[in-house]
Number of protein chains: 2
Amino acid sequence: MTENQSKKPSKSDRTRAQILEAARLLFAERGYDGASIRDVAAHASIDPAMVIRYFRSKDELFARAAVVDLKLPALRVIDRTDIGKTLIRRFLEIWEDPANGTGMAILLRSATSNEFAAEKLRDVFANQVRPLVAAVADPADAGRRAGLISSQLLGLAMCRYLLRLPPVVALSHDEIIQNVGPTLQRYAVGEDVS
Amino acid sequence: MTENQSKKPSKSDRTRAQILEAARLLFAERGYDGASIRDVAAHASIDPAMVIRYFRSKDELFARAAVVDLKLPALRVIDRTDIGKTLIRRFLEIWEDPANGTGMAILLRSATSNEFAAEKLRDVFANQVRPLVAAVADPADAGRRAGLISSQLLGLAMCRYLLRLPPVVALSHDEIIQNVGPTLQRYAVGEDVS
DNA sequence: GTCTATAATTCGATAGAC
DNA sequence: GTCTATCGAATTATAGAC
């Protein structure tokens with residue numbers, strides 16, 4: 001934070017990056033409790049003490065690893081009549097891209113048993129998903145609509161990428177877009193009730 | 001298993017039931033890793049050694065606690081035109097009933113980081129959800145349709161009961177039925193693609 | 001049937017040599 | 001900057017007294 005604001009990729013930086021990469025991989029695969037500092041160190045081929053030296057504690061390491069930027073603002077200028085398909089396409093891009101998909105997997109894998117992860121996931125909803133919905137729908141309904149959209153998308157992620165339910169894993173991108181797109185379209189801009 | 005097939009609720013049986021009830025509550029709230037045998041014992045007001053004596057191991061205790069019977073076969077004789085609303089109503093009944101809701105919470109809370117829980121949840125899908133869908137839809141499509149239905153229902157459970165996303169918690173039963181019902185209806189018997 | 005005492009691991013984190 | 005050695009706490013599980 002003090003010295004390296006421009007060029008040199010010092011050895012410290014590379015070691016730190018290696019630790020963080022190993023941590024992201026293991027947290028995404030096994031969750032917070034299932035990935036020990038010793039596991040992370042072994043996967044990064046360094047000593048466990050180095051993990052603490054660079055990140056102070058396991059909690060801080062997890063906090064650095066659990067960073068998500070869905071880059072949804074780029075979707076703001078879209079056609080309201082196609083928002084359902086646009087959302088589900090972006091969802092597939094995010095989850096099947098190594099960087100963003102890993103970030104979401106880290107949060108979702110631990111959110112059921114780790115309050116910090118749960119809070120971070122609620123933050124992603126409040127700061128990234130809901131504002132997008134508010135931009136295309138009545139702001140008064142945005143919370144409820146964004147909640148319904150999130151319920152479908154988190155459930156799909158659970159079944160396809162974490163729980164790996166065979167029939168959901170087997171779905172092609174086109175099948176997902178054709179089936180889930182209309183659901184999201186209705187949740188986002190369809191006529192609502194009471 | 002050997003002696004008590006009829007009447008007496010012996011002290012053993014009562015102790016065993018107390019342990020199991022405490023375990024179900026804590027597994028549902030904190031997940032497999034978060035609920036220790038010591039926690040369970042303390043909550044049942046007995047000694048930790050008793051938990052092992054009655055259930056042999058933590059794994060076996062979890063297996064006994066993670067029992068789910070959704071009682072979906074009772075839904076088989078329903079109108080195809082109303083299956084969406086019927087399913088979402090049954091979903092709300094299950095999750096907001098202390099017995100069944102706790103069972104599902106136990107599985108879902110741990111399924112992301114515990115392979116046994118994940119396998120049990122896949123079993124519930126294969127043996128309880130999918131057969132119901134196969135009874136009302138083309139059996140050739142049953143897996144895909146049941147997978148889509150599960151993605152919406154598990155996602156709703158995650159957002160409402162585990163993650164507790166505020167806008168989803170705030171939804172009334174009627175709002176959920178009105179919004180999610182049509183989604184499930186289309187997944188169950190709507191025209192499909194590719 | 002219940003509890004005390006403890007074995008055997010595993011974990012996160014620290015101290016200090018080099 | 002990296003590693004060895006280890007501490008202290010928590011865990012599951014066992015042995016045995018009462």
Side-chain angles (χ1 to χ4, degrees), chain A residues 1-4 8-27 29-66 106 109-110 113-117, chain B residues 1-4 8-27 29-66 106 109-110 113-117:
Chain A
M1 201 207 287
T2 56
E3 26 187 316
N4 184 38
K8 59 170 175 182
S10 69
K11 183 158 191 186
S12 293
D13 293 337
R14 278 186 288 115
T15 301
R16 187 183 174 87
Q18 280 174 14
I19 295 171
L20 193 57
E21 188 180 15
R24 282 173 61 85
L25 186 73
L26 292 180
F27 281 140
E29 283 181 353
R30 310 179 194 172
Y32 180 88
D33 290 322
S36 69
I37 287 181
R38 284 169 168 79
D39 291 336
V40 171
H43 205 269
S45 303
I46 51 125
D47 191 272
M50 297 301 296
V51 178
I52 298 294
R53 177 169 176 81
Y54 277 88
F55 291 91
R56 283 182 37 96
S57 71
K58 184 178 180 179
D59 282 349
E60 196 159 321
L61 173 63
F62 185 80
R64 297 289 180 179
I106 290 170
R109 181 83 71 183
S110 297
S113 57
N114 181 293
E115 186 50 36
F116 176 81
Chain B
M1 202 204 288
T2 56
E3 27 189 314
N4 184 37
K8 60 169 176 182
S10 69
K11 182 158 190 185
S12 294
D13 292 337
R14 279 186 286 115
T15 302
R16 188 182 172 87
Q18 281 174 15
I19 295 170
L20 194 57
E21 188 180 14
R24 282 173 60 85
L25 186 74
L26 292 180
F27 281 140
E29 282 182 354
R30 311 180 193 173
Y32 179 88
D33 289 322
S36 70
I37 287 180
R38 283 170 167 78
D39 292 336
V40 171
H43 205 270
S45 302
I46 50 123
D47 191 90
M50 298 300 297
V51 178
I52 298 295
R53 175 169 178 84
Y54 278 88
F55 292 92
R56 282 181 41 92
S57 71
K58 184 177 179 178
D59 283 350
E60 197 159 320
L61 174 62
F62 185 80
R64 298 288 181 181
I106 290 169
R109 181 83 71 182
S110 297
S113 56
N114 181 293
E115 186 50 36
F116 176 82

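Residue numbering restarts at 1 for every chain, and letters A, B, ... go by the order of the sequence lines.
Whole-Å rounding puts the B:L61 CG to D:dT11 P distance at 15 Å. Separating the CD atom of B:Q18 from the P atom of C:dT2 is a distance of 9 Å, rounded to the nearest angstrom. We find that CE of B:M50 is positioned 9 Å from C1' of C:dC3, with the value rounded to whole Å.
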| For every nucleotide of nucleotides 11-18 of chain C, 5' to 3': is a protein heavy atom under 4.0 Å from its base (B), only from its sugar-phosphate (S), or from neither (-)? | BBBB----
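No option in A:L61, A:L26, A:I106, A:D59 other than A:D59 meets the side-chain contact (heavy atoms from CB on, under 4.5 Å) test with A:Y32.
Between A:Y54 and D:dG1 there is no side-chain polar atom (N or O) within less than 4.0 angstrom of OP1 or OP2. Of the side-chain N and O atoms in A:T15, none sit less than 4.0 angstrom from OP1 or OP2 of D:dG1.
The salt bridge (charged side-chain N to carboxylate O under 4.0 Å, His left out) search around A:R56 returns A:E60, not counting sequence neighbours.
B:R16 places a side-chain N or O within donor-acceptor distance of the main-chain N or O of B:Y54, the cut-off being under 3.5 Å.
The shortest non-hydrogen separation linking B:V51 to B:A41 is CG2-CB, 3.9 Å. For the residue pair A:K58 and A:S36, the shortest heavy atom distance occurs at NZ-CA, 4.2 Å.
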| query | Are B:M50 and B:Q18 close enough, and set up right, to give a side-chain contact (heavy atoms from CB on, under 4.5 Å), and what steps lead you there? | reply | CA-CA 11 Å; B:M50 298 300 297; B:Q18 281 174 15; over 6 Å; no
